[in-house]
Amino acid sequence: MALGGSNIVLVLATRNEGKVQELKSLLADLPVALKSLKEFPDIPTLAEPGPTFAENALAKARTVAGLTGLPTLADDSGLEVDALGGQPGVYSARYAGEGASDAANNQKLLAALAGVPAGKRTARFRSAVVLTLPDGREFLFTGVCQGEVGFSPRGEDGFGYDPLFRVAGLDRTMAELSLEEKNSISHRALALTKMKEALRGLLEEYAG
Ligand code: ITT
């Protein structure tokens, strides 16, 4: 891509450490050097202007690719709860207010679902992942993971709503899965699996 050979740099346009960890693990087998926004401290908070995950991921990837001049990958994601008409959706990170902690968001979600019985707490995580290249080419892939919201937090791993999200078909929350297990079924992993095919093609193109 930008630099050629094994020095290819891919910027991960996120300040969410949970995402950084998952993305680094999912992309570990590609011959690229992964840099998160920690390594670009001057980049300001990224705007999320859109009403959709795709628009927000595009905005974040374009902004960081423009500022760094490097190939950039962004993820925009969130939890859609049926009983709440799809909320918190694109507002998942700031459900309990700007800069809210994961614990505060989880507490607000449990309060919003008070009185909603098992079977009516269906939900899904969605992820949109965008790769923007310095030459302007863009790739967008999405992933979905179905489940339901539990009645109390369970598990220590993951981030965000993972302790409340019971994965469909498993008797466990996302936070009770190891990183490897989460990365075999999550919304983000599904989007990234498709993106990796595109990335492999691009790497061949630049190697050749
Ligand atoms: P960046 O914009 O810097 O990437 P962010 O956390 O603000 O970080 P988003 O705007 O995409 O990112 O919001 C995603 C929120 O959705 C995240 O903060 C969680 O609350 C929730 N979320 C997304 N994926 C999740 C996952 O795999 N497990 C748990 N919660 C998740």
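Just so you know, ligand 1 is whichever comes first in the structure, and atom 1 is the first atom listed for that ligand.
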**Q.** Sub-4.0 Å atoms of ligand 1 with respect to non-hydrogen atoms of G160
**A.** 29 (C), 30 (N)

Q) So, K182 and D157, do they make that salt bridge, N to O below 4.0 Å? A) no

Q) Should you measure from each heavy atom of D76, which atoms of ligand 1 turn up under 4.0 Å away? A) 9 (P), 10 (O), 11 (O)

Q. Under 3.5 Å, is there a donor-acceptor pair between the S77 and R126 side chains?
A. no

Q: Output yes when a side-chain donor or acceptor of E181 lies under 3.5 Å from a complementary backbone atom of S178, and no otherwise.
A: yes

Q | Pairs satisfying ring pair (Phe, Tyr, Trp, His ring centres under 6.0 Å), at least one member in residues 131-185, at least two apart | A | F125-F165

Q.
Give me the nearest non-hydrogen protein atom to atom 8 (O) of ligand 1 as residue plus atom name, then the distance to 0.1 Å.
A. N16 CB, 3.5 Å

Q.
Test: side chain to side chain donor-acceptor pair (under 3.5 Å). Region: residues 98-125. Which pairs qualify, not counting sequence neighbours?
A. D82-T122, D82-R124, R124-Q146

Q: With atom 13 (O) of ligand 1 as the reference point, say which of G78, A74, S92, S77 has the nearest heavy atom.
A: S77

Q.
Is N105 close enough to touch ligand 1? Criterion: a residue heavy atom under 4.0 Å from a ligand atom.
A. no

Q. Under the 3.5 angstrom rule, does the side chain of E22 hit a backbone N or O of K19 as a donor-acceptor pair?
A. no

Q.
In this structure, does ligand 1 have an atom that sits under 4.0 Å from one of the heavy atoms of G158?
A. no

Q | Protein contact of atom 24 (N) of ligand 1 - nearest heavy atom, named by residue and atom, plus distance | A | R188 NH2, 2.8 Å

Q) For atom 30 (N) of ligand 1, what is the nearest protein heavy atom, given as residue, atom name and distance? A) Y161 N, 3.1 Å

(Q) Applying a heavy-atom cut-off of 4.0 Å, say which part of F159 lies close to ligand 1: side chain, backbone, both or neither. (A) both

Q: State plainly whether the residues D29 and R200 are in salt-bridge range, i.e. N to O under 4.0 Å.
A: yes

Q. Looking at atom 3 (O) of ligand 1, what's its closest protein heavy atom, distance included?
A. R15 N, 2.8 Å

Q) Are there more than 12 heavy atoms of other residues, nucleotides or ligands under 6.0 Å from atom CG of D135? A) yes

Q: State yes or no: do L179 and L26 share one hydrophobic cluster built from I, L, V, M, F, W and Y residues joined by side-chain heavy-atom distances below 4.5 Å, directly or via other members?
A: no

Q) Under 4.0 Å from ligand 1, counting heavy atoms only, is it the side chain of E48, its backbone, both or neither? A) side chain

(Q) Does atom CD (E205) have a neighbourhood of more than 12 heavy atoms from anything else shown, all under 6.0 Å? (A) yes

Q: Measure the distance from atom 7 (O) of ligand 1 to every protein heavy atom, then report the residue, atom name and distance (to 0.1 Å) of the closest one.
A: A93 CB, 3.6 Å

Q. Out of curiosity, is L79 lining ligand 1, as in a heavy atom under 4.0 Å away?
A. no

Q.
Taking distance alone, with N or O pairs closer than 3.5 Å, would you say K19 contacts ligand 1?
A. yes

Q. For ligand 1, which part of K60 has a heavy atom less than 4.0 Å away: the side chain, the backbone, both, or neither?
A. side chain

**Q.** Residue and atom name of the nearest protein heavy atom (relative to atom 4 (O) of ligand 1), distance in Å to one decimal
**A.** T14 OG1, 2.6 Å

Q: Note the single closest protein heavy atom to atom 27 (O) of ligand 1, along with its residue, its atom name and the distance in Å.
A: K182 NZ, 2.7 Å

(Q) Quick check: is F40 connected to V20 through a chain of hydrophobic side chains (ILVMFWY, heavy atoms under 4.5 Å apart)? (A) no

Q) What's the shortest distance from atom 28 (N) of ligand 1 to any protein heavy atom, and which residue and atom give it? A) D162 OD1, 2.6 Å

